[in-house]
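Position 1 is the first residue of the sequence; numbering continues from there. Order of listing sets the numbers, starting from 1, for every ligand and every atom in it. Note that these values count all heavy atoms, side chains included, but never hydrogens, waters or copies made by symmetry.
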Amino acid sequence: MTSKKRILSGMRPTGRLHLGHLVGALNNWVKLQESYHCFYMIADWHALMSEYEDTKDIRTNSYEMVKDLIASGLDPEKSVIFIQSHVPEHLELYMIFSDITPLGWVERCPTYKEQLREIKGRDLTTYGFLGYPVLQAADIALYKADVVPVGVDQLPHLELTREIVRRFNTIYGDNVFPEPAPLMTKTPKLLGLDNRKMSKSYGNYISLSDEPIDIEKKVGGMITDATRVKLTDVGHPEACNVFSYYTIFSSTDMVSAVKDWCQGAKAGCTDCKKRLARVLSEHLEPLRQKRVKISDQDVKDILNEGRKKASQAAGETMAVVKSLIHFA
Ligand code: TRP
Ligand code: SF4
């Protein structure tokens, strides 16, 4: 176990996990558990940074997230699954990193400026939110992660993490922290049901815990090839989001069949969407079955175990860090 490289990644418990998370991150997390020593974290402090005015769902979302993670194939025997705030060392290292991070580094961070522009309905011009990537750097460094699986949107945070740990290593010596490398796995591009980016705030997603009936309703509302108005019009699958879902979630035979009935005007879009709903329901069925078997007590047990293992690793790092800054 110790010879394996370490991975840390996290997700914010701001809502339910959906198909976008599954194909964009979770499936990959599941594979990585075989070859890395993985720490998967529920980033509740990061959730608080944007949800501070309405915090009542953060805990429930965290527990539901654990269920989704396990149902998707994360194995608590292989990976450390834990809640960020259960391990107080995150905040200790965050404090130290805050002291060595020049203000310009965080002020210039492109994600910071973008979020301020894009996230409406809440005031993110807070002291805490500016420090978002510094806490993320602490998350990663605390476990001496070598590798961080992230999407493109998180690359600036990883670059900042590398700069911060380099600065720490330069000031205090000893090369305590490895410079973490991003792991960008090619993942299929899944748009939301309305052709925009799949996102909680747009409400345009299918969550991992949706029932077949919800899935049918949601898929029924998807936008299809706009040039195909009547059943007798030929369609253009490559211009249709419904078709792109087939390419991700169904067999190649099925994909050819859809192409054929669409381009040959042999089946209507309503029919096509009904079938897609079935495909997606079947895809999620094993997850649903696994999910219902996970009790609230199971979640607590998994998180307790995770807290212990994460605390062990975090404690080892902080002992070294504190001795280096003469706080031991
Ligand atoms: N910022 C990440 C996101 O929004 C979540 C996160 C917090 C994270 N800490 C992390 C991801 C550390 C990777 C590593 O998706
Ligand atoms: Fe899209 Fe299917 Fe309609 Fe073709 S038949 S346009 S793939 S929904």
Q) Who's the nearest protein heavy-atom neighbour of atom 8 (S) of ligand 2, and how far? A) T224 CG2, 3.4 Å
Q: Can you pull out the closest protein heavy atom to atom 2 (Fe) of ligand 2? Residue, atom name and distance to 0.1 Å, please.
A: C272 SG, 2.3 Å
Q) Between the main-chain N or O of M222 and the side-chain N or O of K273, is there a donor-acceptor pair closer than 3.5 Å? A) yes
Q | Ion pair K217/E211, N-O distance below 4.0 Å | A | no
Q: Tell me which part of Q84 gets within contact of ligand 1: side chain, backbone, both or neither, using heavy atoms under 4.0 Å.
A: neither
Q) Tell me: protein heavy atom nearest atom 3 (Fe) of ligand 2, and distance? A) C269 SG, 2.3 Å
Q.
To check your reading of the model: name the closest protein heavy atom to atom 5 (S) of ligand 2, its residue, and the distance in Å.
A. R228 NH1, 3.1 Å
Q) Using a heavy-atom cut-off of under 4.0 Å, does the side chain or the backbone of C240 touch ligand 2, or both, or neither? A) side chain
(Q) Looking at K259 and E238, is any side-chain nitrogen of the basic one under 4.0 Å from a carboxylate oxygen of the acidic one? (A) no
Q | Ring centers of Y112, H157 separated by less than 6.0 Å | A | no
Q: Give a yes or no answer on whether the side chain of N204 reaches the backbone of D194 with a donor-acceptor pair at less than 3.5 Å.
A: no
Q) Just heavy atoms, cut-off under 4.0 Å: does I140 contact ligand 1 by side chain, backbone, both, or neither? A) side chain
Q) Can you find a non-hydrogen atom of G235 under 4.0 Å from ligand 2? A) no
